[in-house]
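Side-chain atoms are counted along with the backbone in the values below, which use heavy atoms only and exclude waters and symmetry mates.
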Amino acid sequence: MDYVKLAVLAVVTVFAAIAANYARDVAYLVNALTIMLVAGGLFVWVLRHVGDKREPAPQNEYFDGVVRAGVIATVFWGVVGFLVGTFIAFQLAWPQLNFDWAQPYLNFGRLRPLHTSAVIFAFGGNALIATSFYVVQRTSAARLWGGNTAWFVFWGYQLFIVLAASGYLLGATQSKEYAEPEWYVDIWLTIVWLAYLAVFLGTLMKRREPHIYVANWFYLAFIVTVAMLHVVNNLSIPVSIWGSKSVQVFAGVQDAMVQWWYGHNAVGFFLTAGFLGMMYYFIPKQAERPVYSYKLSIIHFWALIFLYIWAGPHHLHYTALPDWAQTLGMVFSIMLWMPSWGGMINGLMTLSGAWDKLRTDPVIRMMVVAVGFYGMATFEGPMMSIKAVNSLSHYTDWTIGHVHSAALGWNGMITFGALYYLVPKLWNRERLYSLALVSWHFWLATIGIVLYASSMWVTGIMEGLMWREVDAQGFLVNSFAQTVEAKFPMYVVRGLGGALYLLGSVIMAYNLWKTVSGAKATTRAPATVPAE
C-alpha cells in the first residue's frame, strides 16, 4: 500500500510542477505550487516510513484523534473568519480601509468571499465534520469506518480551504454566491466530500445499535444534498487546463435558477440540517434530558428536507424568472415556517424539568439562545420571501441583518456550545478551565449579534423606503449616494457588533486552550466502543 501511495503522490507532484510551469494566471500558479508542495511533502514523509512496523489502530476505541483535530480547526478558522468579517464591516463604514498599498488583494471585493467562505465552509464545515464524526460513533457504538479515510477527509478539507482562500485573494472566482472556487478546487472538494460520505455512511452501516438516532438523519441529509448541489451548480468547462478560468454550463435565467437552488439549499442543508444534527445530540447531552418528542423530530426531519429544496426561487423575485417559479419558491418558503418551528419547540422543550440549569450553566444558555435565533430566523425568512415584503427588503441591508442573525445566532452559538461540551471530553479533562469566561463569551456574542442585526434591520428598511420615495412629479427623491451616506451610523454600529462577537470567540479560544493545556486531567481511559 505504501508503494501505491508513493506512486500517486509522485504523479501528483510532477503534474502540479508542470501545471505551475504552464500557469496562465497567478492564482492558478500559487494553487499549483501549493499542491506540489503538499504532495511532495507527503511523498517524502511516506518514503521515510516505508517498512516501519506500525501498531494497528485499536478497534475497540473510538477514532477521536480526527475529532480533536476538527475542533482545533473549527476554533482557528472561526477566529479568522470573524476577524475578516469585522474588518470588511469597517471597510464599508470607512472606505479608506481599502488601503492603496494593499490593492487589490485586501480590498472589499476580494475579502468578502474570503469572509463568507471562512465562516460557512471553514468554521461551519469543520464544526460539522468534527461533530458528525463524534456523534455517529457514539450513537452507532462503532468506530469510524475506513481506517485513515477520516484523516484524508480532514486534511483534504483543509487543503480545499487554503486553495479557495488563496484563489479569492488572487482574483480567481466563479462569481457565484457561496460557490466562488474555480473548477479544479471544485473537483478536489467533490473527491473529499465523497470520502466524507463514505466514512459517515460506512459507520452507520456497521453500527451496533439497531436504531439510527435522528441526529444522524440530519447529518446524512446534509452530506448527501450538499454533494448533489455542489456538483450540479459547479458544472463548468475550463478555458484551459493550465488556468483557473472556466465557463459555466448554464447561462442566463437558467444559471440564476440553478445558483439559487444551490445558494438557498446551502443555507437549508449546510447551515440548517447539519446544525440541527448538532442540536439534537448536544442539547440533550448538556441538559441531561431526553429529546422532548422523538415523533416530532421525525416529522421535523421529513417536512424540512422535502420543503427546503423548493425554496430557492424566492431569491429571484421581480427578475426574468417565470412568475410561477417565483410564486412556487414563495409558497414553499412560507410552509417551511411550520417544520422549522417544530424543531425549535422540540429543542427548547428538551429542557423541560431542567430550566434551572440556565442560571448555572452558560453552555446550555448558549445552546438555548442558538435555538431561539433559529426560530426567529426561520420566521423572518419565510416572511421576507413574500413578494410584497421582498419588494422592500431585497437588495437592502435587511437581508444582511437576517443572514447574520441566523449565522451568528444559530450556527455560531450552537457550535460554541458543542465545542465547550466536546473539549473536556476529548482531552480527558474534568471541566472547562473557566465557566466565568464562557459567560463573558455568551454576553459579548449575544450583545454583538443584537447590535449587528438590529442596525442592519434599521438601515435596511430605511434604505428600501428611501429608494421608493418619489416627489409630486414621480421622480426619485434620493440618489444612491444619499442612501449610502444615510447608512453610515448604522454601519459603525454593525462593525462594533462584529468586534464584540470576535472578542468573544478569542476568549473562547483562550478558554479552550487553557482547558487542554492547564486544567487537571482525569484518569479516564480512552473512550471505548461498547462490546457486542
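- The shortest side-chain heavy-atom distance between M508 and Y420 falls under the 4.5 Å cut-off.
- With respect to the salt-bridge test (charged N to carboxylate O, under 4.0 angstrom), the residues K425 and D64 do not qualify.
- The neighbour count for W151 CH2, taken as heavy atoms of other residues, nucleotides or ligands under 6.0 Å away, is above 12.
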Between R429 and V423, is a side chain to side chain contact (heavy atoms under 4.5 Å, CB included) present by the stated rule, with each step listed? CA-CA 8 Å; R429 298 298 186 261; V423 167; over 6 Å; no

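- A donor-acceptor pair is defined here as one N or O able to donate and one able to accept, closer than 3.5 Å; no such pair exists between the side chain of T459 and the backbone of M456.
- Of the candidates I305, L276, I345, L276 is the only one forming a side chain to side chain contact (heavy atoms under 4.5 Å, CB included) with H300.
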Do H115 and F87 pass the ring-ring contact (aromatic ring centres under 6.0 Å, His included) test, and can you show the C-alpha distance, the side-chain angles, and the key distance before you say yes or no? CA-CA 10 Å; H115 160 63; F87 180 66; over 10 Å; no

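- Ring geometry for H441 against F416 counts as tilted: the plane angle lies between 30° and 60°, on a 0 to 90° scale.
- A donor atom on one side chain and an acceptor atom on the other are found under 3.5 Å apart for S117 and Y168.
- With sequence neighbours left out, the ring-ring contact (aromatic ring centres under 6.0 Å, His included) criterion links F373 to no other residue.
- For the residue pair T190 / H230, a side-chain donor-acceptor distance below 3.5 Å is found, with atom types taken as modelled.
- Considering only heavy atoms from C-beta on, L419 comes within 4.5 Å of T74 through its side chain.
- Residues passing the salt bridge (charged side-chain N to carboxylate O under 4.0 Å, His left out) test with E177, sequence neighbours excluded: R112.
- When ring centroids are compared, F121 and F270 come within the 6.0 Å threshold.
- Within the 4.5 Å cutoff, the side chain of I414 has heavy atoms near those of the M367 side chain.
- Atom CH2 of W310 has 12 or fewer heavy atoms from other residues, nucleotides or ligands within 6.0 Å.
- Legend: residues meeting ring-ring contact (aromatic ring centres under 6.0 Å, His included) with W188, ordered by chain and number and at least two apart, are F152.
- Among all heavy-atom pairs drawn from S236 and W183, the shortest one is OG-CB, 3.8 Å.
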Given the rule in the side chain to side chain contact (heavy atoms under 4.5 Å, CB included) test, do V371 and M279 qualify, once you have shown the distances and angles that lead to the verdict? CA-CA 8 Å; V371 176; M279 180 194 84; 3.9 Å; yes

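- Looking at E380 and W337, their side chains never bring a donor and an acceptor atom within 3.5 Å of each other.
- By the ring-ring contact (aromatic ring centres under 6.0 Å, His included) test, W302 is found to be paired with no residue, residues two or more places apart in sequence or in another chain being considered.
- For T86 (side chain) and G498 (main-chain N/O), a donor-acceptor pair under 3.5 Å exists by modelled atom type.
- Y262 has its ring centre no less than 6.0 Å from the ring centre of Y178.
- In summary, the side chains of Y157 and N126 do not present any donor paired with an acceptor at a separation below 3.5 Å, with no hydrogens or angles considered.
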Can you list the steps and then say if H394 with M384 is a side chain to side chain contact (heavy atoms under 4.5 Å, CB included)? CA-CA 8 Å; H394 208 38; M384 293 174 72; over 6 Å; no

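- Counting only N and O atoms by type, the side chains of T139 and N216 include a donor and acceptor under 3.5 Å apart.
- In this structure, the side chain of K206 engages the main chain of R143 through a donor-acceptor pair within 3.5 Å.
- Using a 4.5 Å heavy-atom threshold, the side chains of T272 and F218 count as separate.
- Side-chain contact, H404 with Y501: no donor N or O sits under 3.5 Å from an acceptor N or O.
- Contact record, A311 with L336: CB-CD1, 4.0 Å, taken as the closest heavy-atom pair.
- Between the CG atom in L307 and the OG atom in S340 there is a gap of 8.5 Å [rounded to 0.5 Å].
- At least one cation-pi condition fails for R110 and F108: the charged atom is not both under 6.0 angstrom from the six-membered ring centre and inside a 45 degree cone around its axis.
- Y395 pairs by the ring-ring contact (aromatic ring centres under 6.0 Å, His included) definition with nothing, not counting sequence neighbours.
- Judged by distance alone, with hydrogens and angles left aside, the side-chain atoms of T149 form no donor-acceptor pair with the main-chain N or O of V199 at under 3.5 Å.
- Residues S140 and Y213 bring no donor and acceptor atom of their side chains to less than 3.5 Å of each other.
- Inspection of the S244 and N31 side chains reveals no N or O donor paired with an N or O acceptor under 3.5 Å.
- Of the options F200, F275, W217, W193, a ring pair (Phe, Tyr, Trp, His ring centres under 6.0 Å) to F222 is made by W193 and by none of the others.
- You'll find the side chain of R138 reaches within 4.5 Å of the side chain of Y62, heavy atoms only.
- Side-chain contact check for R365 versus W443: some heavy-atom pair is nearer than 4.5 Å.
- Taking CG from L392 and CD1 from I386, the interatomic distance works out to 12.5 Å, rounded to the nearest 0.5 Å.
- Under the 3.5 Å distance criterion, with hydrogens and angles disregarded, no donor-acceptor pair is assigned to the side chains of Q248 and N234.
- When atom types are taken as modelled, the side chain of Q174 and the backbone of A179 share a donor-acceptor pair closer than 3.5 angstrom.
- Salt-bridge annotation for D323 and K387: present, with a side-chain N of the basic residue lying under 4.0 Å from a carboxylate O of the acidic one.
- Side-chain contact between S132 and V136 is absent, with no heavy-atom pair separated by less than 4.5 Å.
- Less than 6.0 angstrom separates the ring centroid of Y196 from the ring centroid of F133.
- Between H315 and W260, the ring planes are parallel. Angles under 30° get that label, and only those over 60° would be called perpendicular.
- P313 approaches L321 most closely through the heavy-atom pair CB-CD2, 3.8 Å.
- Under the side chain to side chain donor-acceptor pair (under 3.5 Å) rule, N346 has a single partner from Y292, Y280, W341, which is Y280.
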Pair T319-V253, side chain to side chain contact (heavy atoms under 4.5 Å, CB included): steps then yes or no: CA-CA 9 Å; T319 67; V253 72; 5.6 Å; no

Would you sort out whether R494 and D397 count as a salt bridge (charged side-chain N to carboxylate O under 4.0 Å, His left out), showing the intermediate values? CA-CA 11 Å; R494 186 251 296 268; D397 287 326; 5.1 Å; no

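- With a 4.5 Å cut-off on side-chain heavy atoms, F123 and F82 count as touching.
- Under the side-chain contact (heavy atoms from CB on, under 4.5 Å) criterion, V506 pairs with V79, L502, sequence neighbours left out.
- Across all non-hydrogen atoms, the minimal contact from W457 to G401 is NE1-C, 3.9 Å.
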